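This is a predicted model, so every value here is computed, not measured.
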Amino acid sequence: MNNKFKELTSSFNKDILAKGHELYVNNAVKKFFEIKEDVYRAVIQIDSLESKVSISLKDNVINCDCHSFRLNNNCIHTAAALYALKDIDVSKKSVLINESVDQMVYSCSNELAFEYLMHECRNSHYHREFFKFLFYILKDRVLTEYDYQYLFDYTYSLTDSLERVKTIERLNDCLFDRCKRLLGNKKYEEALVVLKVIINNDHAMNKNISDVELGHYENHFTQTAVFVKSTLHLIGIFINEFDKKARSILNEVFIGIFNHPIIYVGVYHEVKAILLDEEIKDSKLINGLIELQNHLSGCSDICKDITVELIFKHLAKKDDYYDYFRAVYCNILFNRAYTPGNLNIELIDEIRILIGKDYVSQVNRLAKYQGEKNNQKQLFDICVHDNNYRDLAKHAFDYSNLRYIDLYARNIEAVVGNGFEKSLSRALSDYIAEFRKANDSFIQYILIYEFDIHFYRLLSHIKSSELFEKLKSQVIGYEEEKMALINNKTLINRNIYKR
């Protein structure tokens with residue numbers, strides 16, 4: 001190797017060789033090996049920067065991917081690699097040197113490739129390679145909704161219950177890749193069909209999730225919710241190119257999302273971005289949202305507010321729900337419009353337009369209602385941080401608002417102790433009484449909305465059968481009055497009858 005070293009370094013100046021030797025001595029040559037007969041490859045690392053050197057002894061050719069080599073036809077990296085070559089033990093060789101690894105893989109016989117493919121399809125974890133190969137075969141085929149449903153049905157029967165969820169997730173991986181590719185190729189109808197079938201076959205749909213537990217999925221997305229979220233981003237980009245049929249399928253996608261709260265709570269921002277400014281004529285969409293909002297009591301205010309906004313923005317004045325959601329939406333706007341030291345005039349103007357001639361009296365009622373909630377919160381803020389203020393907690397129950405009782409329930413129970421159930425039962429009874437004496441449908445609508453969000457959650461703290469039965473009889477009467485006021489059963493919450 002000494003003769004070869006001299007021959008290959010004949011054009012190198014002394015400084016380059018000295019620096020190359022220094023690199024070699026300091027272990028900058030991270031890898032040096034014979035990749036095939038008389039051809040060597042080296043990886044040289046200086047700080048965090050890597051350079052790759054190749055040396056062919058047969059052709060007396062050296063190459064490096066650095067800028068200096070391109071300018072001068074030599075560099076310190078090639079010098080370091082040549083010092084490594086000088087010291088290499090030529091007797092230690094891999095049997096693979098005489099065979100190109102690339103050639104072994106990419107030029108193997110058809111029989112060997114088929115044998116490997118079958119092995120992977122049969123033995124891959126949760127049939128991952130099976131689905132990848134299947135969708136490669138189907139990549140140029142146009143599939144219908146029935147075809148995609150068949151794939152889910154086939155997959156369901158392919159595995160037992162222990163592996164089914166993971167196996168369907170592998171199918172979903174391939175389906176979402178196909179969906180995004182179809183969107184990019186402007187095949188919108190089939191892409192939306194794929195998304196619809198995925199949502200309607202989501203395994204989490206069969207989970208018995210309570211309204212309280214649903215809030216967990218707002219921050220801990222299911223796999224389907226993650227995929228739907230990213231796909232809705234793409235749909236928002238292409239939606240202006242959708243024809244009538246594609247928009248009809250998109251409506252079916254949203255109906256599927258609304259029927260599946262676990263997905264909705266993970267994607268409501270994306271749903272709003274698409275639907276808020278869209279003209280919705282399909283009553284199934286609106287009814288799906290209205291039914292959905294009955295189950296969001298355990299979710300964040302943002303989720304609940306966006307849902308109400310979506311519903312109200314697509315209601316006509318003649319609709320049964322219009323007055324109810326107008327009041328609730330005005331209350332949401334009022335909460336947004338006023339923060340201490342700041343007033344959003346644009347939101348106040350929007351409230352004025354929505355309320356009309358009764359604007360002054362209704363805003364006064366909104367201000368009173370919101371002021372009571374803020375006072376209640378201040379009392380609870382103090383009492384939950386110091387047990388000496390339990391009288392403040394009892395006094396806070398005198399306000400007929402449920403929001404902060406609900407949010408602070410566990411803390412208040414720890415402060416008040418044994419008297420908590422009686423105080424809570426009285427507060428819930430007072431809330432129903434407040435609804436009855438409001439004598440104003442605008443405020444009653446707001447009380448109904450707050451009732452459905454917080455009342456039934458608070459009932460779970462009432463362990464006494466006597467107190468519960470007393471409340472239950474009051475709630476049944478309240479629901480009858482509520483139905484008479486709204487004149488529709490869709491907004492009737494049946495949680496009271498589950499116990």
Side-chain angles (χ1 to χ4, degrees), residues 117 121 124 126-159 163-206 222-264 266-267 270-271 274-275 278-285 287-288:
L117 179 62
C121 287
S124 61
Y126 300 118
H127 301 273
R128 182 191 300 271
E129 300 305 321
F130 173 87
F131 289 121
K132 286 169 69 175
F133 183 52
L134 172 63
F135 277 86
Y136 181 79
I137 294 170
L138 297 173
K139 62 183 173 66
D140 297 322
R141 294 268 295 273
V142 177
L143 302 181
T144 67
E145 181 176 344
Y146 305 109
D147 298 324
Y148 289 113
Q149 185 59 52
Y150 173 83
L151 291 174
F152 271 101
D153 295 341
Y154 174 82
T155 304
Y156 192 92
S157 64
L158 185 65
T159 54
E163 292 191 350
R164 184 167 294 135
V165 170
K166 290 291 185 182
T167 304
I168 290 176
E169 286 178 355
R170 302 292 78 77
L171 171 63
N172 279 342
D173 288 338
C174 295
L175 284 171
F176 273 107
D177 284 342
R178 183 179 177 94
C179 179
K180 291 175 183 178
R181 188 165 59 252
L182 288 167
L183 283 171
N185 293 332
K186 301 186 182 298
K187 298 178 180 178
Y188 302 129
E189 291 176 20
E190 187 179 347
L192 292 169
V193 165
V194 175
L195 189 60
K196 172 189 170 183
V197 175
I198 290 171
I199 292 168
N200 291 341
N201 285 275
D202 184 46
H203 63 86
M205 202 155 189
N206 297 321
T222 64
Q223 185 212 39
T224 305
V226 172
F227 285 145
V228 172
K229 194 177 184 73
S230 63
T231 308
L232 289 178
H233 276 298
L234 290 176
I235 289 173
I237 295 170
F238 297 115
I239 191 170
N240 291 330
E241 301 176 18
F242 287 8
D243 59 18
K244 186 176 180 180
K245 187 173 181 181
R247 287 178 180 273
S248 175
I249 302 171
L250 180 60
N251 283 353
E252 294 175 16
V253 168
F254 282 121
I255 290 171
I257 292 173
F258 300 157
N259 288 334
H260 198 339
I262 290 179
I263 293 179
Y264 175 78
V267 303
E270 289 71 26
V271 171
I274 294 173
L275 283 186
E278 286 288 305
E279 183 180 358
I280 297 177
K281 297 180 180 179
D282 190 343
S283 60
K284 290 182 181 178
L285 270 178
N287 291 335

Salt-bridge contact Lys132-Glu129 (side-chain N to carboxylate O under 4.0 Å)
yes

Salt-bridge contact Arg247-Glu278 (side-chain N to carboxylate O under 4.0 Å):
yes

Taking the side chain as everything from C-beta on, heavy atoms only, tell me whether [X] gets closer than 4.5 Å to [Y].
| X | Y | result |
| --- | --- | --- |
| Leu158 | Glu163 | no |
| Glu169 | Tyr126 | no |
| Asn259 | Asn200 | no |
| Leu143 | Val194 | no |
| Tyr148 | Leu175 | yes |
| Leu285 | Phe258 | yes |
| Ile239 | Leu250 | yes |
| Arg128 | Cys174 | no |

[atom1]/[X] to [atom2]/[Y] distance, rounded to the nearest 0.5 angstrom?
| X | Y | atom1 | atom2 | answer |
| --- | --- | --- | --- | --- |
| Glu190 | Leu182 | CD | CG | 4.5 Å |
| Ile257 | Ile262 | CD1 | CD1 | 13.5 Å |
| Lys180 | Leu195 | NZ | CG | 10.5 Å |

Run Ile168 and Asn201 through side chain to side chain contact (heavy atoms under 4.5 Å, CB included) and show every step you take.
CA-CA 9 Å; Ile168 290 176; Asn201 285 275; over 6 Å; no

For Phe254, check ring-ring contact (aromatic ring centres under 6.0 Å, His included) against everything at least two apart and list the hits.
none

Gln223-Asp202 side chain donor-acceptor pair, cut-off 3.5 Å
no

What are the two closest heavy atoms between Cys179 and Ala191, and how far apart are they?
SG-O, 3.3 Å

Kindly give the heavy-atom pair with the smallest separation between His233 and Glu270, and that separation in Å.
NE2-OE2, 3.4 Å

Leu117 and Phe130: CA distance, side-chain angles, deciding distance, side chain to side chain contact (heavy atoms under 4.5 Å, CB included) verdict:
CA-CA 9 Å; Leu117 179 62; Phe130 173 87; over 6 Å; no

Tell me, yes or no, whether the heavy-atom count around Lys187 atom NZ, taken from other residues, nucleotides or ligands under 6.0 Å, exceeds 12.
no

I'd like to know whether NZ of Lys229 has more than 12 heavy-atom contacts from other residues, nucleotides or ligands below 6.0 angstrom.
yes

With distance as the sole test, does Thr231 use its side chain to make a donor-acceptor pair with the main-chain N or O of Phe227 at under 3.5 Å?
yes

Is it true that a side-chain atom of Glu252 and a backbone atom of Lys196 form a donor plus acceptor pair closer than 3.5 Å?
no

side-chain hydrogen bond (donor to acceptor under 3.5 Å, both in side chains) partners of residues 234-243, not counting sequence neighbours, each pair once:
Lys186-Glu241, Tyr188-Glu241

Can the positive tip of Arg164 be found less than 6.0 Å from the middle of the six-membered ring of Tyr156, inside 45° of the ring normal?
yes

On the 0 to 90° scale, with breaks at 30° and 60°, tag the Tyr150-Tyr154 ring pair as parallel, tilted or perpendicular.
parallel

Parallel, tilted or perpendicular: ring planes of Phe133 versus Tyr136, cut at 30 and 60 degrees
parallel

Check against side chain to side chain contact (heavy atoms under 4.5 Å, CB included), Leu138 and Leu134
CA-CA 6 Å; Leu138 297 173; Leu134 172 63; 4.0 Å; yes

What verdict does the side chain to side chain contact (heavy atoms under 4.5 Å, CB included) test give for Phe152 and Val197, after you've listed the backbone C-alpha separation in whole Å, the side-chain angles of each residue and the deciding distance to 0.1 Å?
CA-CA 9 Å; Phe152 271 101; Val197 175; 3.6 Å; yes

Testing Val253, Ile249, Thr144 for side chain to side chain contact (heavy atoms under 4.5 Å, CB included) with Val193, which one passes?
Ile249

